[in-house]
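A note on names: the letters A, B, ... follow the listed sequences, proteins ahead of strands, and every chain is numbered from 1. Heavy atoms only: backbone and side chains are in, while hydrogens, waters and symmetry mates are out.
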Protein chains: 2
Amino acid sequence: MEYTVQKLGKLAGISTRTLRYYDEIDLLKPARVSSSGYRIYGTKEVDRLQVILFYRELGMSLDEIKRIVRDPLFDRKQALIEHRMRLVDQRRQLDQLISNVENTIAFSEGRITMTDKDKFVGFKQQMVHENEQKYGEEIREKYGDEAIDQANQKVMDMTPEEHARVTQLADEIKAALAQAMQTGDPASDLAQKAAALHKQWLMFYWNEYSKEAHAGLAQMYVDDERFKAHYDQQQEGTAEFLRDAIHLFTGVKK
Amino acid sequence: MEYTVQKLGKLAGISTRTLRYYDEIDLLKPARVSSSGYRIYGTKEVDRLQVILFYRELGMSLDEIKRIVRDPLFDRKQALIEHRMRLVDQRRQLDQLISNVENTIAFSEGRITMTDKDKFVGFKQQMVHENEQKYGEEIREKYGDEAIDQANQKVMDMTPEEHARVTQLADEIKAALAQAMQTGDPASDLAQKAAALHKQWLMFYWNEYSKEAHAGLAQMYVDDERFKAHYDQQQEGTAEFLRDAIHLFTGVKK
DNA sequence: ATAATGCCTTCCGTAACGTCAAGGTCAATG
DNA sequence: CATTGACCTTGACGTTACGGAAGGCATTAT
C-alpha cells in the first residue's frame, strides 16, 4: 500500500503540513519520491508514524521522539521515566501558580485579612531598618539623611499592588529555599536564585543596595531569634542556609 | 529617581532585552528618551513594571497583562478568575498525560497483565469483523476478498507499538467522550473530536474507510447489549451519544 | 480540453525573549 | 586629551511545532 501526503494525513489524523515538517526535520522521511517530486509513503512509514504519534500524545518533544524512533535499541523506558519526571515537575509548578492566583483572588475579595502576614511584614521592615542603621553609615555619608528618610517613606507609601508584589516575592523566596534545601548546597543554582530573589525583595525596602549590607542582614537572620524561628519554621537550618547562599551571592564573607 | 535599562533591570531582576521588548510591544514605555536615544524610566514606570511582573509570575500572557495594566478600570478579578480556569484546565490535561505515561511505563515493565483489556480488544475485533461482514459487501465487490483478508491479517499482525497506539486512541476517545457528555451536545467540538478519534481508531482495523460502515458500526454500539454496557460503564447514555456524534460526523443518518 | 484537485517549495507568523553583531555614547583613567 | 571600558542603540536570527498563504507544476475527472 502506498500513500501520498493527504492519504496518510487522513489515515493518521494529521495535516499535510505536519508530514512535510516531519520530513524536513528528518523525523519521518517518505519511502520514496516520485518523478514529479511527490512524497510516497509505504506501510513501514505508516507504522513509524503511529509510533511517533503515540509518543507525541504523551507530550514528548519531537526531538526526544526522534531519538526514540531513530534506533530500536534506545532505552524507551528510561526516556519515559525521565519524561514523567519533567511532567510531574511541571505539575508542581502549575499547582504553585494556581495557589498563588487563588490567593490573589481571595485577597481582592477581602477574604484574607492579612493581619498575620502584615504583622510579620511590619516586623521585617523594622529589622531591615535596624540593619540599615547598622550598616548604612557609608550610605548615609554618601547620600545624606534625606535619602534614608525617603526610603522609609517609600515603605509607608507602598501601593496595594507593590505590596502584593512584595508578598509574592517573599513566597517565591520561600519556595526556592525549600527546594534548594534539598540539594543542601548554598552554591546551587536554586539557592543562588533564592538569594537573587531576596535581593529583589530587599529593593522594595532599600533605596540603595550594597553587598555588605545584604550580607550583614543575612548574618542577622541567624543571630536574631525571631528571624531564625521564622525561617526555620518549615525546615531546620533554613536561616543558616539562606545566610550562606547570600554570602556566596554577594561575595562577602563575615 | 531616573533609571537606564540596566539600572531598572537590576532593580527588577530582568534583562535589558526584556525591557526593550516590553517597549517594543507597548507594554512598558520609558518615561522619556534622552537626546542620544537612551531609554529613561521614572518611578512611575518602576511601579508599573512591578505590577507587570506580579501578573507575569502568575503565569499570565503579556497580552493579557497589557489589557490589565492599560486601564485601571479593567476588571482584574474577573481576569484572574478566567486565568485560574485556564490553569486548572491545563493541570487536568497534565494529569491525564502523567497518567498515560505511567500506564505506558507500567506496561513496559509487564506490570499490567492486559488480560482484561485484551479480552475486550479481542471482543471488539470480533465485532468489527462481524460489522464488516454486514456492511462490507460493497467494499468486497469493490476490492475483492483479498483486501478483506488482508485487513484481517493486519489486525493479527499488529506490533506491540501499534497495539499501544490503539489502546492510547481508545483512552483518548473515552476521555473526550466523558468531557463531551457534559456539554450534552453531540455536535460540539469535543464530541466531534471524539468521533474523529474513533475513526482513527477504526483505521487500525479497517483497510478501507466508508462513512456508511462507520455510521452502521455506531448504530450497533447502541443495539448490541455488550457494546452498550461497555460504553455506558462510566456514564449512562454514552453509547447513544457516541452514535449521534458519529452520525453527525459522517453525515450519514439511519 | 478544461476545470478541479493535489502536490511542490518558499516564506511569514506565533510567545517571549536570548544571543550575537555592528556601531554610537558616556565617564573615568593614564 | 585620547583612549579604554562600560553602557547604550537597532537589527536580525534562533527557539517549538506547526498554520496559512502565495505561486506554480502534476494528476485526475468531467
Side-chain angles (χ1 to χ4, degrees), chain A residues 2-41 45 49 51-69 83 86-87 90 93 97 189 193 196, chain B residues 2-42 45 49 52-69 83 86-87 90 93-94 97 189 193:
Chain A
E2 294 201 321
Y3 307 87
T4 61
V5 273
Q6 204 160 42
K7 292 263 179 70
L8 181 55
K10 281 197 173 166
L11 175 72
I14 58 176
S15 72
T16 60
R17 177 70 178 87
T18 299
L19 282 170
R20 278 191 270 272
Y21 179 61
Y22 288 178
D23 182 5
E24 186 186 333
I25 65 171
D26 296 328
L27 179 57
L28 181 71
K29 292 279 185 193
R32 61 187 185 82
V33 178
S34 80
S35 60
S36 50
Y38 287 21
R39 292 174 179 77
I40 310 291
Y41 300 87
E45 284 72 34
L49 179 56
V51 176
I52 290 169
L53 295 181
F54 174 72
Y55 287 105
R56 192 183 74 161
E57 286 298 323
L58 297 181
M60 274 197 191
S61 72
L62 297 185
D63 215 60
E64 185 86 10
I65 295 175
K66 205 191 294 180
R67 279 196 289 275
I68 289 181
V69 296
H83 183 53
R86 284 194 296 272
L87 290 178
Q90 269 185 45
Q93 288 182 27
L97 270 190
D189 282 356
K193 187 186 151 201
Chain B
E2 295 199 321
Y3 307 86
T4 60
V5 273
Q6 204 160 44
K7 291 265 180 69
L8 182 54
K10 282 197 172 166
L11 175 72
I14 58 177
S15 72
T16 60
R17 178 67 176 90
T18 299
L19 283 170
R20 277 190 272 272
Y21 180 61
Y22 288 178
D23 182 5
E24 185 186 334
I25 64 171
D26 297 329
L27 179 57
L28 181 71
K29 292 280 185 193
R32 63 187 184 81
V33 178
S34 80
S35 60
S36 50
Y38 286 21
R39 292 174 179 77
I40 310 291
Y41 299 87
E45 285 71 35
L49 179 57
I52 290 169
L53 295 181
F54 173 73
Y55 287 104
R56 193 184 72 162
E57 286 298 324
L58 297 181
M60 273 196 190
S61 72
L62 297 185
D63 215 60
E64 185 88 9
I65 295 174
K66 205 191 294 181
R67 279 196 289 275
I68 288 181
V69 296
H83 182 55
R86 284 193 297 272
L87 290 178
Q90 269 185 44
Q93 288 182 29
L94 202 52
L97 273 190
D189 282 356
K193 187 185 149 200

Answer yes when B:R39 and B:D23 have at least one side-chain N-carboxylate O distance shorter than 4.0 Å, and no when they do not. yes
Determine whether A:L11 and A:K7 satisfy the following criterion, side chain to side chain contact (heavy atoms under 4.5 Å, CB included), listing intermediate values before the conclusion. CA-CA 6 Å; A:L11 175 72; A:K7 292 263 179 70; over 6 Å; no
Measure from the side-chain N and O atoms of B:K66 to the backbone N and O of B:I25, and report whether any donor-acceptor pair falls under 3.5 Å. yes
Start with the C-alpha distance between B:V69 and B:L28, add both sets of side-chain angles, then the distance that settles side chain to side chain contact (heavy atoms under 4.5 Å, CB included), and finish with yes or no. CA-CA 10 Å; B:V69 296; B:L28 181 71; over 6 Å; no
Mapping A:M60 and B:D23 to their closest nucleotides on DNA chain D, which lands nearer the 5' end? B:D23
With a 4.0 Å cut-off on heavy atoms, is A:S61 in touch with a base, just the backbone sugar-phosphate, or nothing at all? sugar-phosphate
With nearest nucleotide decided by heavy atoms, which residue, B:Y38 or B:L62, maps closer to the 5′ end of DNA chain C? B:L62
Which is the 5'-most and which the 3'-most nucleotide of DNA chain C that has an atom under 4.0 Å from a heavy atom of chain A? C:dG6 to C:dC11
Sugar-phosphate only, base, or nothing, as touched by A:T4 at under 4.0 Å among non-hydrogen atoms: sugar-phosphate
Output for pair (A:L58 CG, A:L53 CG), nearest 0.5 Å, gives 11.0 Å
For A:K7 and for B:R56, find the nucleotide of DNA chain C with the closest heavy atom, then tell me which residue's nucleotide is more 5'. A:K7
Identify whether the distance between the nearest side-chain nitrogen and carboxylate oxygen of A:D63 and A:R67 falls below 4.0 Å. yes
Nearest heavy-atom contact between A:G59 and A:H83 is O-CE1, 3.3 Å
Identify whether any heavy atom of A:S15 sits under 4.0 Å from a base atom; if not, whether one sits that close to sugar-phosphate; answer base, sugar-phosphate or nothing. sugar-phosphate
Name the nucleic acid region contacted by A:R39, choosing base, sugar-phosphate or nothing; use a 4.0 angstrom heavy-atom cut-off, strictly under. sugar-phosphate
Taking the axis from the first five pairs and the axis from the last five, what angle separates them in the helix from C:dA1-D:dT30 to C:dG30-D:dC1, rounded to 10 degrees? 40°
Assign each of A:S36 and A:R17 the nucleotide of DNA chain D bearing its closest heavy atom; nearer the 5' end lies the nucleotide of A:R17
Got B:K29 and B:E24 here, is their nearest side-chain heavy-atom distance under 4.5 Å? no
Give me the one residue out of B:Y41, B:Y3, B:Y22 that meets side-chain contact (heavy atoms from CB on, under 4.5 Å) with B:P30. B:Y41
Do the side chains of A:Q90 and B:L97 get nearer than 4.5 Å, heavy atoms only? no
Which is it for B:Q6 and B:L19 under the side chain to side chain contact (heavy atoms under 4.5 Å, CB included) test, yes or no, and what are the steps along the way? CA-CA 9 Å; B:Q6 204 160 44; B:L19 283 170; over 6 Å; no
Between which nucleotides of DNA chain D, read 5' to 3', does contact with chain A run, using atoms under 4.0 Å from its heavy atoms? D:dA17 to D:dT27
